[in-house]
Peer 1: 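Could you have a look at this structure, given as structure tokens, before my questions?
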2 protein chains.
Amino acid sequence: MDSVVRGLEAQGMQVDWAKNGQEGFERAVAEHYDLVISDVMMPRMTGVEMVTRLRKQQYAGPILLLTGMGEVDQKIAGLEAGADDYLTKPFDMGELVARVHALVRRSQGVHSRHAVLRIGDLEVDPQARTVRRNEQPIQLTQKEFELLLYLVRHVGRVISKKEIAEQVWDIHFDSSTNVIEVYMSYLRNKVDKPFSHPLIHTSFGVGYVLRPPDEAV
Amino acid sequence: MDSVVRGLEAQGMQVDWAKNGQEGFERAVAEHYDLVISDVMMPRMTGVEMVTRLRKQQYAGPILLLTGMGEVDQKIAGLEAGADDYLTKPFDMGELVARVHALVRRSQGVHSRHAVLRIGDLEVDPQARTVRRNEQPIQLTQKEFELLLYLVRHVGRVISKKEIAEQVWDIHFDSSTNVIEVYMSYLRNKVDKPFSHPLIHTSFGVGYVLRPPDEAV
DNA sequence: CTCAATTCTAAGGAAATTCTAAGGAATGGG
DNA sequence: CCCATTCCTTAGAATTTCCTTAGAATTGAG
């Protein structure tokens, strides 16, 4: 499972992981994901049950099931419950990536193949892990890039420090550290300071938000 | 119970709490809530009786029951009386949040994912904690935002200062402070002053009210 | 119209939060 | 092993928010 996560992340995807069916279900309902990948055999809730419940809850996004060699009826039951596709273990990473791309693309009705994210004059390429602003390349460290990517993927929404801690640092928020502030400062030095309009804004007492330049404050 | 309140508040929800069944019933009838959560075992009125009476009073919103491990018949009775869902204690917070979201979403017939509240040309997004009027973003502090949100969630109704003190400041009204007047002034400076029609109105001797621009006074 | 009660708002200080410079620990390539 | 880079901690500076105070303005009753 861990290799799946790492494999997809290597493709520039943002992956969130739940350790059992119950938890996965809750997260899928509570947050927004482009795609859900689920094993059919999971503690606390099977993949089939998860699909059933997700569809019942009006979750409309694509769901990909991973099944073991022998679990044929689980596979069928899963598809009938509303899964979009399945993959039989063992599979290779390329196969998985291809299916993920296909499903996401289909559900979004566009080719998100080479999706360069653009916010004003800022360009972020999750695949290549490169950043440019005003045609000028910006060199970021790993963590800086992940932080920026998270902000970019939620433009216009104020992101709490708690959320950043969990999603980018994988830590349950701990007020004794101020890594986030420090990294935000690094990011601003590279992404905002050399340019005329700042994109990163502080929402005092709450968190941070990336805002396109045309929206006046 | 207290942890339930705090957990939901941590999700950005606005939570009101009653210490017994009788009081809960009265509040649910008197005010508007998106969702009622009720324990089945409560002093002065059981959860099942509460559901029965609420439905009799035409209360149409969702009701979520919390039942103890052994209270199976209470559970069934509750659902038959018109509850929408139940959760058996002990449960984890994520599960509760997921159900709350699901119930509220279902009852509102939309994905409340991007539930933007609109009053005339004013837009308030509780998730993103952003405010815009006439397409123009408005920067508010935490307290200012909470105050505005409370007004927005009770459009057209005159809100007493006592109620604001309790709901927004969590203080039992204390006439020695005029924080509310001060913050109302801040809010007007940002939300009303730069625009042609004021939305915030003073009801002398009573409190304040947010009114859409077309409704004459 | 007058007056008391209520509300509005400008100013400022305390408290909380955020920013940033500096340096130590961890990591990885040569 | 050494050096360079990245990551994170620390701590004080800077900023922002929150609330109080006090006087001005407004309101409604008589």
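Given the structure is predicted, the values throughout are model-derived calculations rather than measurements. So you know, we letter chains A, B, ... as the sequences are listed, proteins then strands, and number each from 1.
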Peer 1: Across nucleotides 16-30 of chain C, 5' to 3', mark each nucleotide with B, S or - according to how protein heavy atoms within less than 4.0 Å reach it.
Peer 2: -BBBB-B--------
Peer 1: Please enumerate all residues that pass side-chain contact (heavy atoms from CB on, under 4.5 Å) together with B:Ser203, with sequence neighbours excluded.
Peer 2: B:Val158, B:Val206
Peer 1: Suppose we screen for side chain to side chain donor-acceptor pair (under 3.5 Å). Which residues come up paired with B:Asn20, at least two apart in sequence or across chains?
Peer 2: none
Peer 1: Can you pull the contact range of chain A along DNA chain D, 5' to 3', using atoms under 4.0 angstrom from its heavy atoms?
Peer 2: D:dT6 to D:dT17
Peer 1: List for me each residue that meets ring pair (Phe, Tyr, Trp, His ring centres under 6.0 Å) alongside A:Tyr186, sequence neighbours excluded, and say none if there are none.
Peer 2: A:Tyr183
Peer 1: Would you please name every residue forming a ring pair (Phe, Tyr, Trp, His ring centres under 6.0 Å) with B:Phe145, sequence neighbours left out?
Peer 2: none
Peer 1: Taking only residues two or more places apart in sequence, or in another chain, which ones meet A:Arg153 in a side-chain contact (heavy atoms from CB on, under 4.5 Å)?
Peer 2: A:Gln14, A:Leu117, A:Pro126, A:Leu149
Peer 1: Can you pull out how bent the helix from C:dC1-D:dG30 to C:dG30-D:dC1 is, comparing the axes over its first five and last five pairs, to 10°?
Peer 2: 40°
Peer 1: State whether the number of non-hydrogen atoms from other residues, nucleotides or ligands found under 6.0 Å of B:Arg44 atom CZ is greater than 12.
Peer 2: no
Peer 1: Looking at residues at least two apart in the chain, or sitting in another chain, which of them share a side-chain contact (heavy atoms from CB on, under 4.5 Å) with A:Asn178?
Peer 2: A:Glu181, A:Val182
Peer 1: Who are the side chain to side chain donor-acceptor pair (under 3.5 Å) partners of B:Arg133, not counting sequence neighbours?
Peer 2: B:Asp121, B:Asp192
Peer 1: Taking only residues two or more places apart in sequence or in another chain, which ones pass side-chain contact (heavy atoms from CB on, under 4.5 Å) with A:Met45?
Peer 2: A:Gln22, A:Phe25, A:Glu49, A:Met50, A:Arg53
Peer 1: Once side chain to side chain donor-acceptor pair (under 3.5 Å) is applied, do any residues pair with A:Glu23, and if so which ones, sequence neighbours excluded?
Peer 2: A:Lys19, A:Arg27
Peer 1: Which part of the nucleic acid, if any, lies within contact of A:Glu144, taking any heavy atom under 4.0 Å across all strands shown: a base, the sugar-phosphate backbone alone, or nothing?
Peer 2: nothing
